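This report concerns only the one structure given below.
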Amino acid sequence: MSAIDLAAISAAQTWLLAEIGKPIELLDRGTGKRVVVSPADAAHPEVYLPVFLISAETLWLELTGTGFALDVSRTPDSALGYAVRKVRAGSFTVVMLCLIDVTMRLAEMDDALVLNHLIDFWGEAHGRIADVAPTLQGAT
């Protein structure tokens with residue numbers, strides 16, 4: 001299976017974020033101050049796209065039991081210390097539908113799209129998956 005075009009995902013996510021029209025912000029939990037992030041940076045593979053994709057993948061994993069086979073690597077010079085290199089599973093459509101869902105949930109939470117909430121989405125979904133996994137394993 002070939003990888004999904006990461007540049008196309010990034011471009012579509014940049015467009016979506018710009019269309020929503022809300023500021024995109026990162027909350028410094030130490031100071032409580034918010035830093036504005038551009039749509040292009042929020043959707044860049046070496047900036048904040050990894051956290052969007054991980055949140056979207058968690059949604060898909062929760063729905064189907066499969067992920068996107070993300071290739072995420074450590075990159076000390078990037079914003080989060082990680083960069084997404086490839087999306088090796090799923091389809092462009094599925095990935096974008098999950099990204100749209102996660103992004104719209106984020107947009108409904110506040111007067112801005114606060115990127116820190118993506119970590120909360122991941123944690124909540126991960127908890128639900130962990131609760132269901134032992135039940136599914138026992139059923140086989």
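Small disclaimer: the values here were computed from a predicted structure and weren't measured.
- By the 4.5 Å heavy-atom criterion applied to side chains, Q13 and M96 are counted as neighbours.
- Looking at K33, its side chain never comes within 3.5 Å of a backbone N or O of L27 through a donor-acceptor pair.
- Side chains of T66 and T64: a donor-acceptor N/O pair is present below 3.5 angstrom, by distance only.
- How far CG of L99 is from CH2 of W60: 12.5 Å, rounded to the nearest 0.5 Å.
- Using a cutoff of 4.0 Å between basic side-chain nitrogens and carboxylate oxygens, R85 and E46 are scored as salt-bridged.
- Taking OG of S55 as the reference point, atom NE2 of H117 lies at 12.0 Å (rounded to 0.5 Å).
- Interatomic distance, CG of D41 versus OG1 of T14, reported as 9.0 Å (0.5 Å rounding).
- One hydrophobic cluster holds both I100 and V94 under the rule that ILVMFWY side chains link at heavy-atom gaps under 4.5 Å.
- By the 4.5 Å heavy-atom criterion applied to side chains, F68 and C98 are counted as neighbours.
- Minimum interatomic distance between A89 and A69 (heavy atoms only, all atoms of both residues): CB-CB, 3.8 Å.
- Both F92 and V102 belong to a single network of hydrophobic side chains, linked directly or stepwise wherever heavy atoms of I, L, V, M, F, W or Y lie under 4.5 Å apart.
- Hydrophobic clustering, with ILVMFWY side chains joined whenever heavy atoms are under 4.5 angstrom apart, groups Y82 together with V95.
- At a threshold of 4.5 Å between non-hydrogen side-chain atoms, the residues L97 and D101 do not count as touching.
- For the atom pair CZ of F52 and OG1 of T103, the computed distance is 4.5 Å after rounding to the nearest 0.5 Å.
- Under the 4.5 Å side-chain contact rule for hydrophobic residues, V35 and L115 do not share a cluster.
- Looking only at side-chain heavy atoms (C-beta outward), I24 and S38 stay at 4.5 Å or farther from each other.
- Side chains of Y48 and L26 form a contact here, defined as non-hydrogen atoms less than 4.5 Å apart.
- How far CG of D28 is from OG1 of T31: 3.5 Å, rounded to the nearest 0.5 Å.
- Here the CD-CG distance, from E25 to L113, works out to 9.0 Å after rounding to the nearest 0.5 Å.
- The cluster map of Ile, Leu, Val, Met, Phe, Trp and Tyr, joined by side-chain heavy atoms under 4.5 Å apart, puts L17 and V114 in different clusters.
- Considering only residues two or more places apart in sequence or on other chains, D110 meets the side-chain hydrogen bond (donor to acceptor under 3.5 Å, both in side chains) condition with R34.
- Side chain of T75 to backbone of D77: no donor-acceptor contact under 3.5 angstrom is found.
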For residues 3-11, please give each side-chain donor-acceptor pair under 3.5 Å, one per line with the distance, not counting sequence neighbours.
{"from": "D5", "atom 1": "OD1", "to": "A7", "atom 2": "N", "distance (Å)": "3.1"}
{"from": "D5", "atom 1": "OD1", "to": "A8", "atom 2": "N", "distance (Å)": "3.4"}
{"from": "S10", "atom 1": "OG", "to": "A43", "atom 2": "O", "distance (Å)": "2.6"}

Go through it in stages, so that I can follow the logic: the residues are R105 and L59, the test is side-chain contact (heavy atoms from CB on, under 4.5 Å), and I'd like the CA-CA distance, side-chain angles, deciding distance and then a yes or no.
CA-CA 12 Å; R105 286 186 200 187; L59 172 67; 3.5 Å; yes
